[in-house]
Trainee: 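Before I ask anything, let me first share the structure, which is written out below as structure tokens.
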Amino acid sequence: MSQTSENLNLADVPCREVSLPEARIATTRCADGSLILRFAEELRDFDPNVLRNFRRQAAQQPDKTLYAQRQRLPGGELGDWQRVSFAEAEGKVLAIGQWLLDQGLQDTDAVLIVSGNSIAHALVRLGSMAAGLPVCPISANYALMGGNYERLKYVIELVKPKVIFAEAAGPYADALAACEPADCTILSGQADGYQLSRPAVSLDAVYATPVTAAIEQRIEHNDPDAHAVYMLTSGSTGMPKAVIQTQRMLSTNLFQAWQVLGKAAGWSDVMLDWLPWSHVSGAFNLLAAAVFGGTLYIDDGKPAPGLFAETLRNLREIAVPYFCNVPAGFAMLVDELEQDEQLQQRFFSKLRMVLYGGAGLPQPILDRLQRMAIRQTGGRIFMTTGYGATETASGCMAIYFHTDKVGIGLPMPGLEVKLVPQGDRFEVRLRGDNVMPGYLHNPESSASVFDEDGFYRTGDAARFHDEENVEQGLYFAGRLAEEFKLGTGTWVYAGQVRGRVVEALAPAVSDILLCGIGRDYLAVLGVPNPAGLRDIAGPLDGPVDSWLQHPAVQAHVKQSLERYNAAFPASSTRVRRFAFMREAPSAARYELSDKGTLNQRIAAESRSAEIDELYAETPGAHVFVA
């Protein structure tokens, strides 16, 4: 990269032109001191019926590719793209819906999907919605981790599915044999691969189901407020809850986002995405392609060692106007972009907007990405992030205005945000048609998360960038449930501290476990970022315990924590000790979500011995003492 580019003040360089609305927010102050924020423009009219929107796109552009995914070859390698057009997808969705109706299923009979992202998964999901049946996509890890399949059994008991879709028999046969519910049909692309009490049904046979007027009538008369999807919460405080999502809820969220970001994002164009469809961020893109007429390339890569190469392969082929990832993915991406000129040119050739989620994006990563954007395009890329929850369909607040401030943005049209004073912060509460009606079979939790005015209590805190200028937006100020006390009685705003420490230590870590509950001071276990550590020290040999002893790594940690502690010297923020996690966080132990975010409570429980070593009176050489 040129010296001129390195010396640029990024804030002085304009963004590439994107179409954004004027951020005008109406503010109401309540008698109790709470504020209610609304987007000044009303949410435009839309059809809440997801299937009708999809079928309109199929009628307008029948030959356009809707979903594409690389073919998995016998040896496990990934080959050429397999595609399904809008017209082909519509035919198969109608056949699946008709087959479900032919089974005599009732409106409350659910379809459980245990497969990962795939074309077939998308078609089964849309087919279930066409038949008016609730569909529940779950993390494939529930069926892949072995053991006693505790979480899979729990979900089956909660949802009581009449059909379970598992695309490939090999990965799921043992789990379904162990957890097969009574009076349930297994649907699969490899129906002969199961040993079950009832024969599995072939997906190809379902595709051949003769379609009648019954499915047409069901689609046309689907109740937009009936149960459409059950999305599981993370289960960070126990077993997951099933969030009830309706077609009105999902459509509201899609058209909220379309009104403020759709032209910039290009959901009607081309997308490449790996985010799991068992989570709302990935599920949004699945539906956005169908509803707005885009092409979604399903990325079988992900930001993890040994898997990110597939994402890079796909980015070398597919230029996208919009790219979404988690911060760990962007950290890996900028390393590769800086080393590969052709990849860099391809990546920025059509790019208009980048969205990051799951955690804050460290400023050094953002700056490196923008310097490459300026080099390739002459301008910065519009960077956005959003805020939402499983209970709100997906992100319903976003940065849809030009700003150099990191935050959670402002409400989209059709959403009310209540800000309830909590000391020097506000608790965030949300109300709108994109908010859930409640949790499945859980009236107590359903009642407890809504306040007396019907606002959903998110449990998160936020602050204004500028209380005199609301249009500057809000920023995240911690998750109330994650806050804890030190042994001294001092409260720690854990979410806020965690984000700042990750940013300070970048690129050496991709995430951290913040420790200190009942202790006298804060300490940190860092998730090592191999690519970042190579940039700092070159290849590191030996066990992780020895990495901190490398002079370059030690210097980086020392300087990073000195700068951080100087900026945040209070006992509730200052970090006194640091060590790398000996082993990467494990999805099998539920330390990681499918999106790659670290579950603080579960990780703390599973790494209690490592935490004790952090706080030892005489710490080992693998622990840095600030």
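In this chain, residues are counted from 1 in sequence order. This one's a predicted model, so the numbers in the text were calculated from it and none came from an experiment.
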Trainee: Do Asn314 and Asp299 meet the criterion of a side-chain donor-acceptor pair at a distance under 3.5 Å?
Mentor: yes
Trainee: Please test Lys160 against Asp109 for salt bridge (charged side-chain N to carboxylate O under 4.0 Å, His left out), starting from the C-alpha separation and ending with a verdict.
Mentor: CA-CA 8 Å; Lys160 295 180 172 55; Asp109 291 332; over 6 Å; no
Trainee: Go through the steps to decide whether Arg248 and Asp433 satisfy the test salt bridge (charged side-chain N to carboxylate O under 4.0 Å, His left out), and finish with yes or no.
Mentor: CA-CA 7 Å; Arg248 187 185 305 280; Asp433 283 347; 5.3 Å; no
Trainee: Please work out whether the ring planes of Phe292 and Trp267 are parallel, tilted or perpendicular, with thresholds of 30° and 60°.
Mentor: parallel
Trainee: State, without any angle test, whether Gln98 and Thr209 hold a side-chain donor-acceptor pair at a distance under 3.5 Å.
Mentor: no
Trainee: Under a 4.0 Å N-O cut-off, is there an ion pair linking Arg346 with Glu317?
Mentor: no
Trainee: With a 3.5 Å distance limit and no angle check, can you tell me whether Tyr67 reaches the backbone of Ala89 through a side-chain donor-acceptor pair?
Mentor: no
Trainee: Within the 4.5 Å heavy-atom criterion, are Met383 and Leu369 side-chain neighbours or not?
Mentor: yes
Trainee: Rounded to the nearest 0.5 Å, how far does CG of Asn285 lie from OH of Tyr322?
Mentor: 4.5 Å
Trainee: How long is the span from the CG atom in Leu598 to the CG atom in Leu525, to the nearest 0.5 Å?
Mentor: 9.5 Å
Trainee: Roughly how far, to the nearest 0.5 Å, is CG of Leu78 from CD of Glu310?
Mentor: 4.5 Å
Trainee: More than 12 heavy atoms of other residues, nucleotides or ligands under 6.0 Å from CG of Asn148: is that the case?
Mentor: yes
Trainee: Backbone N or O of Gly293 within a donor-acceptor pair of the Ser268 side chain at under 3.5 Å?
Mentor: no
Trainee: Is there side-chain contact between Cys184 and Ile164, with heavy atoms separated by less than 4.5 Å?
Mentor: yes
Trainee: Do the side chains of Val50 and Val291 get nearer than 4.5 Å, heavy atoms only?
Mentor: yes
Trainee: May I ask you to check whether Thr185 and Gln103 show a side-chain donor-acceptor distance below 3.5 Å?
Mentor: no
Trainee: Once rounded to the nearest 0.5 Å, what's the spacing between atom OG of Ser251 and atom CD of Gln256?
Mentor: 11.0 Å
Trainee: Report yes if the side chains of Met231 and Pro137 come closer than 4.5 Å at any heavy-atom pair, otherwise no.
Mentor: yes
Trainee: Any salt bridge between Glu482 and Arg479, counting N to O under 4.0 Å?
Mentor: no
Trainee: Going by atom types alone, do Glu167 and Ser188 pair a side-chain donor with an acceptor below 3.5 Å?
Mentor: no
Trainee: Are the side chain of Asn141 and the backbone N or O of Leu144 linked by a donor-acceptor pair below 3.5 Å?
Mentor: no
Trainee: Does NZ or CZ of Lys64 lie under 6.0 Å from the centre of the six-membered ring of Phe86, at an angle within 45° of the ring axis?
Mentor: no
Trainee: State, to 0.1 Å, how close Pro303 and Ala328 come at their nearest heavy-atom pair, and which atoms those are.
Mentor: CB-C, 4.2 Å
Trainee: Nearest 0.5 Å, what's the SG-CG distance between Cys324 and Leu355?
Mentor: 4.5 Å
Trainee: Are any non-hydrogen side-chain atoms of Tyr149 and Asp174 less than 4.5 angstrom apart?
Mentor: yes
Trainee: What do you reckon, is CD of Gln82 surrounded by more than 12 foreign heavy atoms closer than 6.0 Å?
Mentor: yes
Trainee: Any donor-acceptor pair under 3.5 Å linking the side chain of Glu610 with the backbone of Arg582?
Mentor: yes
Trainee: Walk me through it: do Glu88 and Arg83 pass the test salt bridge (charged side-chain N to carboxylate O under 4.0 Å, His left out)?
Mentor: CA-CA 9 Å; Glu88 292 167 335; Arg83 302 169 184 269; over 6 Å; no
Trainee: Do Asn253 and Phe284 have side chains that get closer than 4.5 Å, going by heavy atoms?
Mentor: yes
Trainee: Backbone N or O of Ala131 within a donor-acceptor pair of the Arg218 side chain at under 3.5 Å?
Mentor: yes
Trainee: Sub-3.5 Å donor-acceptor pair from the side chain of His227 to the main-chain atoms of Ile244, do we have one?
Mentor: no
Trainee: Between the main-chain N or O of Val111 and the side-chain N or O of Ser128, is there a donor-acceptor pair closer than 3.5 Å?
Mentor: no
Trainee: For a quick test of reading the model, state the closest non-hydrogen atom pair linking Ser118 to Trp277 and the distance between them.
Mentor: O-CZ3, 3.1 Å
Trainee: Using modelled atom types and a 3.5 Å cut-off, is there a donor and acceptor pairing between side-chain atoms of Gln245 and backbone atoms of Thr390?
Mentor: yes
Trainee: Evaluate the ring-ring contact (aromatic ring centres under 6.0 Å, His included) criterion for residues Phe347 and Phe323: first the C-alpha distance (whole Å), next the side-chain angles of each, then the deciding distance (0.1 Å), finally the verdict.
Mentor: CA-CA 9 Å; Phe347 181 70; Phe323 187 69; 5.4 Å; yes
Trainee: Using the rule side chain to side chain donor-acceptor pair (under 3.5 Å), only one of Gln69, Arg70, Arg313 pairs with Asp300; which is it?
Mentor: Gln69
Trainee: Ignoring hydrogens and geometry, is there a side-chain-to-backbone donor-acceptor pair from Thr392 to Asn434 under 3.5 Å?
Mentor: no
Trainee: Minimum heavy-atom separation for Leu514 to Gln600, with atom names?
Mentor: N-OE1, 3.1 Å
Trainee: Can you give me the closest heavy-atom contact between Leu51 and Gln247, atom names plus distance?
Mentor: N-OE1, 3.9 Å
Trainee: Is the closest side-chain donor-acceptor distance between Trp81 and Gln71 under 3.5 Å?
Mentor: no
Trainee: Assess, by modelled atom type and distance only, whether the side chains of Trp274 and Asn325 contain a donor and an acceptor separated by less than 3.5 Å.
Mentor: yes
Trainee: For a quick test of reading the model, state the closest non-hydrogen atom pair linking Val159 to Leu440 and the distance between them.
Mentor: CA-CD2, 4.2 Å
Trainee: Side chains of Val428 and Leu430: does their closest heavy-atom pair fall under 4.5 Å?
Mentor: yes
Trainee: Going by heavy atoms in the side chains, are Val124 and Val206 under 4.5 Å from each other?
Mentor: no
Trainee: Write down the atom of Ser278, the atom of Ser139, and the distance for their closest heavy-atom approach.
Mentor: CB-N, 3.5 Å
Trainee: Working note: Asp269 + Lys350, criterion salt bridge (charged side-chain N to carboxylate O under 4.0 Å, His left out); need CA distance, chi angles, decisive distance, verdict.
Mentor: CA-CA 11 Å; Asp269 193 344; Lys350 289 178 61 178; 3.6 Å; yes
Trainee: Under the side-chain contact (heavy atoms from CB on, under 4.5 Å) criterion, do Gln106 and Lys162 qualify, and how do the steps go?
Mentor: CA-CA 10 Å; Gln106 304 301 308; Lys162 294 297 184 181; over 6 Å; no
Trainee: Walk me through it: do Thr233 and Glu391 pass the test side-chain contact (heavy atoms from CB on, under 4.5 Å)?
Mentor: CA-CA 8 Å; Thr233 60; Glu391 290 85 349; 3.6 Å; yes
Trainee: State the CG-CH2 distance between Leu254 and Trp258, to the nearest 0.5 angstrom.
Mentor: 10.5 Å
Trainee: Between Asp511 and Arg498, is there a salt bridge with N-O shorter than 4.0 Å?
Mentor: yes
Trainee: Do NZ/NE/NH1/NH2 and the carboxylate oxygens of Arg601 and Glu605 come within less than 4.0 Å?
Mentor: yes
Trainee: Tell me yes or no: between the side chains of Asp460 and Tyr387, is some donor less than 3.5 Å from an acceptor?
Mentor: yes
